[in-house]
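Counting starts at 1 for both ligands and their atoms, following the listed order. Nothing fancy with the numbering, it's 1 onward along the sequence.
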Amino acid sequence: MQVLKFGGTSVGSVDSIKQVIQIIENHRQNGDQITVVFSAMGGITNQLIEIGRMATTGETDYMELVRRIEDRHFNVIKALIPVKEQSKVFAHVRGIINELEDLLRGVSLIRELTLRTHDLITSFGERLSTTIITECVKSRGIPAQFCDARKIIKTDAQFGQAEVNYTLTNQLVQEHFAKTSDLQLVTGFIGSTEKNETTTLGRGGSDYTASILGAALNAEVIDIWTDVDGMMTADPRKVPNAFNIPTITYAEAMELSHFGAKVIYPPSLQPAFARNIPVRVLNTFNPTHAGTVVSRTAERRQYTITGISSIDDIALVNVQGSGMIGVAGVSAKLFGVLAAHKISVILISQASSEHSICFAIDPRGAENVKTILDAEFATEIAHGHIDNIAIERDLSVIATVGEGMKKSSGIAGKLFSVLGKNGVNIVAVAQGSSEINISVVINKNNLSKALNSLHNIFFQSEARVLNLYLVGTGLIGKTLLQQIYNQSEYLRSEKLLKVCVVGMTNTKKMVLDTRGISLDGWRERLLTDGVTTSLPAFVEKIKDYNLPNSVFIDCTSDKDIVQFYESLLDANISVVTPNKVANSGPYSEYRRLQRTALNRGVKFLYETNVGAGLPIINTVQGLMTAGDRFLKIEAILSGTLSFIFNTFRPGISFADVVREAKEKGYTEPDPRDDLSGLDVARKILILAREAGFPLEPEDVTIDTLLPESCLAAPTIPAFFEELERNNDYFENLLAEAETKGEKLRFVASFENNKATIGLRPVGVEHPFYQLTGADNIVSFTTERYKDRPLVIKGPGAGAEVTASGVFADVVSIGSYLA
Ligand SMILES: NC(=O)c1ccc[n+]([C@@H]2O[C@H](COP(=O)([O-])OP(=O)(O)OC[C@H]3O[C@@H](n4cnc5c(N)ncnc54)[C@H](O)[C@@H]3O)[C@@H](O)[C@H]2O)c1
Ligand SMILES: N[C@@H](CCO)C(=O)O
Ligand code: NA
């Protein structure tokens, strides 16, 4: 025997009932012996409750609602039963509705609705749906019988939530099924007392009916047909990456549904669990999907965690005081009081200091709980044994559930670490000693971020999502987007990293989309969907979204943007940038950003501040971490100036060479920054700071290579004109060096707390002499690299190498967060 149960959505419309009948027919074709339980058509039970309420208050238009209920059922008859058989069925259903109307008339006369009458009113939903479906099935030539569960399920007289008398029920069920071989179509949710008064079985009522029948008939399986593909690893409305759980244990299903996974209500499946009957959760609208099998043991799984669920809104009650330490009975009294007032406790946590106990409850009852406890513990509070009873609101609880967590270490570590890295503060924690559930209480505004980052980390075969916000779609920004686009498949398959650009802005337009902006059409997207850029609004949105694993990328040379870095880091958003402004201002600001990132456990990365993609900053940081000490730094740090002095020859215009450098993407957005030495000054300053020296910008001495008139040029075109005008000056510099067999190099050095930069002629024996193209070179002399310095050399400017350095920083954050 197999017991099938169809819920409210499965029998909610003509089309879905067709599906249901198809499923029943398939079973019959397979020769399966089945029994089918039905819920009321979706929404009907709530309407019946409303009708009952209206009748008691004397509102007469409840009849209007009754008509609507009748219409809905009549429409099914019209659509699914052959015309010549319809009148008989209409009459039958009309009879049931008449009975309901009589009952409501009585209620409206005496203006009183007892729980008993309430149960009787709500029983009509299942009675109507099952009656009609039985007729539909019969009209297809299947020998079937309507079975009113009130004849076989016997309960006590606790109306609204009746207790089943199993001995009597099992006997009646078995007798009933022994008498007939017709297919039985059974009303869910309802039963009756020994005096034949109608009762209902409470929450999950129809599942309960199926489970009672399954247990009594020793069914091989119970199928709960609903409108989703079984249970999922998380609520898909909150976690888009959630996926189906093929098998789950009773205990896991119980824990998950306690914390809000509402697909099934496991307590109602208890009779099936007790007899070890597997329960399948299947989708009426996708019947070939295997759904979820709930049973005593689940198959071995790939993941240690089975699912994550949450209760979105809870309040935490904290009872605290020195008088609680070592005093037996405080918690007994506390929970005794709560039980006496029927207050359901969602979670309890007590630290072993015994100084405080906290527990989570439904926030709607929080004030009431405080009043009750203040009264009950008035003496303890008056004597100072208990300080106070405090309520904390706007909290959520997340439960991470899985049998695989038992005796397996590292799960809690992973859980806390991922929440920590995403800046999710944990207010309270509870783990049952069954070890299949770790629950954490967090602030409600972090719920989505916490759920998604936990899901991401525990369901490992799925790629970790990195959410990027890009400011600046100029040369470096656009090259970066192209590189991300080209590399995304590799990152996903080889690094389990899904890089998702969720926001971008240039000076004119900005776009934000938490689902991600497609990178093969980002320009069009900015044009069509973009709104006028406002950096403060962009940053606010980023904080608002509060997405896990967020990275802000500044690909501008803007001075104003850096003011946002600190608040972003503070909001647990990592920052990556090739922009040197933040790190080359006052030392105190540089330090503050470093500290904020450190305190928040997020990253502030800027490898491309010096030498573009060359691993210079990382090398300095590595040496510092390992305890080396810097004695001297000598370097060529400008790709632009390298290129210029490697290209400039007598006979060609100096200004043209600068233009070429700009076209090749080596220069700063404003090339005056390169030629004035500002760019190099910033770089040596940053290097010295990284090497542990608290230098200020004014500590860098710049011997400028430009004549005064060039330096004073008010605009970029004017600057180029001045360069043209001063061509002789540059030719002379070159000629002077060449007569001595030297080359011109713009060198930065740092030694004895002093940084200087300037144009230096270097001879053939000097290591910088051989430099070509736009190469950079840095030479570090340290305690450990004293006899021969550590040297890094290579292209130090250009779009591809710079974007690639930014990209590497971004990806390293992905690995860190994973
Ligand atoms: N070119 C290189 O080789 C190289 C190497 C290392 C570092 N960098 C650094 O990379 C950064 C970007 O350089 P680039 O060559 O791409 O410059 P770019 O001028 O081509 O691009 C910068 C873009 O940022 C935009 N922008 C400026 N302020 C903005 C704001 N407030 N909001 C939104 N958008 C804004 C500009 O409109 C421009 O499109 C600079 O800080 C530069 O110093 C460049
Ligand atoms: N304009 C810079 C780019 C690298 O920071 C240079 O020429 O070196
Ligand atoms: Na670098």
Can you tell me which residue and heavy atom of the protein come closest to atom 42 (C) of ligand 1, and the distance to 0.1 Å? E668 OE1, 3.4 Å
Check the angle between the aromatic planes of F538 and Y469 and answer parallel, tilted or perpendicular using the 30° and 60° thresholds. perpendicular
Looking at F730 and P707, what are the two nearest heavy atoms and their distance? CZ-CD, 4.1 Å
Any N/O pair N609/ligand 2 closer than 3.5 Å: no
For atom 4 (C) of ligand 2, what's the nearest protein heavy atom and its distance? K683 NZ, 3.4 Å
Minimum-distance protein heavy atom relative to atom 2 (C) of ligand 2: E668 OE2, 3.1 Å
Looking at the Na ion (ligand 3), is one of the N, O or S atoms of P615 less than 3.0 Å from it? no
The closest protein heavy-atom partner of atom 7 (O) of ligand 2 is T640 OG1, 2.5 Å
Evaluate E589 against R592 for salt bridge (charged side-chain N to carboxylate O under 4.0 Å, His left out), listing each step before the verdict. CA-CA 5 Å; E589 277 170 26; R592 214 169 51 232; 5.0 Å; no
So, is T473 polar-close to ligand 1, with some N/O to N/O distance under 3.5 Å? no
Test your reading of the structure: does T608 have an N or O sitting under 3.5 Å from an N or O of ligand 2? no
Atoms of ligand 1 under 4.0 Å from any heavy atom of C555, numbered from 1 in the order shown, are 12 (C), 22 (C), 23 (C), 24 (O)
Option with minimal heavy-atom separation from atom 1 (N) of ligand 1, where the choices are G665, P795, A774, A803: G665
Rounded to 10 degrees, the angle O of V610 makes with O of L614 at the Na ion (ligand 3): 120°
The protein heavy atom nearest to atom 23 (C) of ligand 1 is G474 N, 3.7 Å
Using a 3.5 Å cut-off on N or O atoms only, is T533 in polar contact with ligand 1? no
Taking 4.0 Å as the limit for heavy-atom contacts, which would you say applies to V471 with ligand 1: side chain only, backbone only, both, or neither? side chain
Which is it for V801 and ligand 1 at heavy atoms under 4.0 Å: side chain, backbone, both or neither? neither
Note: ligand 2 atoms sitting under 4.0 Å from heavy atoms of D679 are 2 (C), 6 (C), 8 (O)
Closer than 4.0 Å to some heavy atom of K580 - which atoms of ligand 1 meet that? 43 (O)
In terms of residue, atom name and distance, what is the protein heavy atom nearest to atom 8 (O) of ligand 2? G639 N, 2.7 Å
Which of the numbered atoms in ligand 1 are below 4.0 angstrom from a heavy atom of T802? 2 (C), 3 (O), 4 (C), 5 (C), 6 (C), 7 (C)
With a 3.5 Å cut-off and no angle check, do the side chains of Y590 and E690 form a donor-acceptor pair? yes
Heavy atoms only, cut-off 4.0 Å: how does T802 contact ligand 2, side chain, backbone, both, or neither? neither
Would you mind finding which of D558, T640, I561 brings a heavy atom closest to atom 30 (C) of ligand 1? D558
F630 and F750: ring pair (Phe, Tyr, Trp, His ring centres under 6.0 Å), yes or no, with the steps? CA-CA 10 Å; F630 282 79; F750 175 77; 9.0 Å; no
Given K580, R682, K662, the one that forms side-chain hydrogen bond (donor to acceptor under 3.5 Å, both in side chains) with E668: K580
Contact atoms of ligand 2, heavy-atom distance to K580 under 4.0 Å: 5 (O)
Looking at ligand 1, does any of its N/O atoms fall within less than 3.5 Å of an N/O of I476? yes
Using only heavy-atom distances, determine whether the side chains of S453 and K421 contain a donor-acceptor pair under 3.5 Å. no
If you measure from atom 11 (C) of ligand 1 to every heavy atom of L480, L535, T556, which option wins on shortest distance? T556
At a 4.0 Å threshold, what atoms of ligand 1 neighbour a non-hydrogen atom of P669? 17 (O), 19 (O)
Side chains of N549 and N422: donor-acceptor distance under 3.5 Å anywhere? yes
Under 3.5 Å donor-acceptor, R672 side chain and A713 backbone: yes
Using 30° and 60° as the class boundaries, would you call the ring planes of F768 and H766 parallel, tilted or perpendicular? perpendicular
Quick note on ligand 1: atoms under 4.0 Å from a heavy atom of T608 include exactly 6 (C), 7 (C)
Where the side chain of T701 meets the backbone of T756, is there a donor-acceptor pair that is under 3.5 Å apart? no
Between the OG atom in S676 and the CG atom in D674, the distance rounded to the nearest 0.5 Å is 7.5 Å
Geometric cation-pi criterion K743 and F645, 6.0 Å radius, 45° cone: no
Of the side chain and backbone of D674, name the one, both, or neither that has a heavy atom under 4.0 Å from an atom of ligand 2. side chain
Between D554 and Y565, a side-chain donor and acceptor under 3.5 Å: yes
So is A797 polar-close to ligand 1, meaning N/O to N/O under 3.5 Å? no
Determine whether the side chains of E736 and N732 contain a donor N or O and an acceptor N or O closer than 3.5 Å. no
So, taking the atom named CD in Q621 and the one named CG in L605, what distance separates them when rounded to the nearest 0.5 Å? 7.5 Å
Quick one: look at P578 and ligand 1, take heavy-atom pairs under 4.0 Å, and tell me if it's side chain, backbone, both or neither. both
Evaluate the side chain to side chain contact (heavy atoms under 4.5 Å, CB included) criterion for residues L598 and Q594: first the C-alpha distance (whole Å), next the side-chain angles of each, then the deciding distance (0.1 Å), finally the verdict. CA-CA 6 Å; L598 201 61; Q594 305 277 331; over 6 Å; no
Output the list of atoms in ligand 2 that are nearer than 4.0 Å to some heavy atom of Y666, sorted by atom number. 1 (N), 2 (C), 3 (C), 6 (C), 7 (O)
N/O of L475 under 3.5 Å from N/O of ligand 1, yes or no? yes
Quiz question: by atom type and distance under 3.5 Å, do the side chains of T802 and T608 form a donor-acceptor pair? no
What do you reckon, does G796 put a non-hydrogen atom under 4.0 Å from ligand 2? yes
Report, in ascending order of atom number, the atoms of ligand 2 lying under 4.0 Å from any heavy atom of L637. 8 (O)
Value rounded to 0.5 Å, distance of CG in N452 from CG in N546: 10.5 Å
Heavy-atom contacts with G798 under 4.0 Å: which atoms of ligand 1 show up? List them by number with element. 2 (C), 3 (O)
Give the numbers and elements of all ligand 1 atoms closer than 4.0 Å to a heavy atom of N506. 33 (C), 34 (N)
Is the shortest N/O to N/O distance between G796 and ligand 1 below 3.5 Å? no
Less than 4.0 Å is my threshold; does some heavy atom of V610 fall inside it relative to ligand 2? no
Mind checking the CG-CG spacing from N456 to L466? Nearest 0.5 Å is all I need. 10.0 Å
Looking only at protein heavy atoms, which one is nearest to atom 36 (C) of ligand 1, and how far off is it? T507 CG2, 4.2 Å
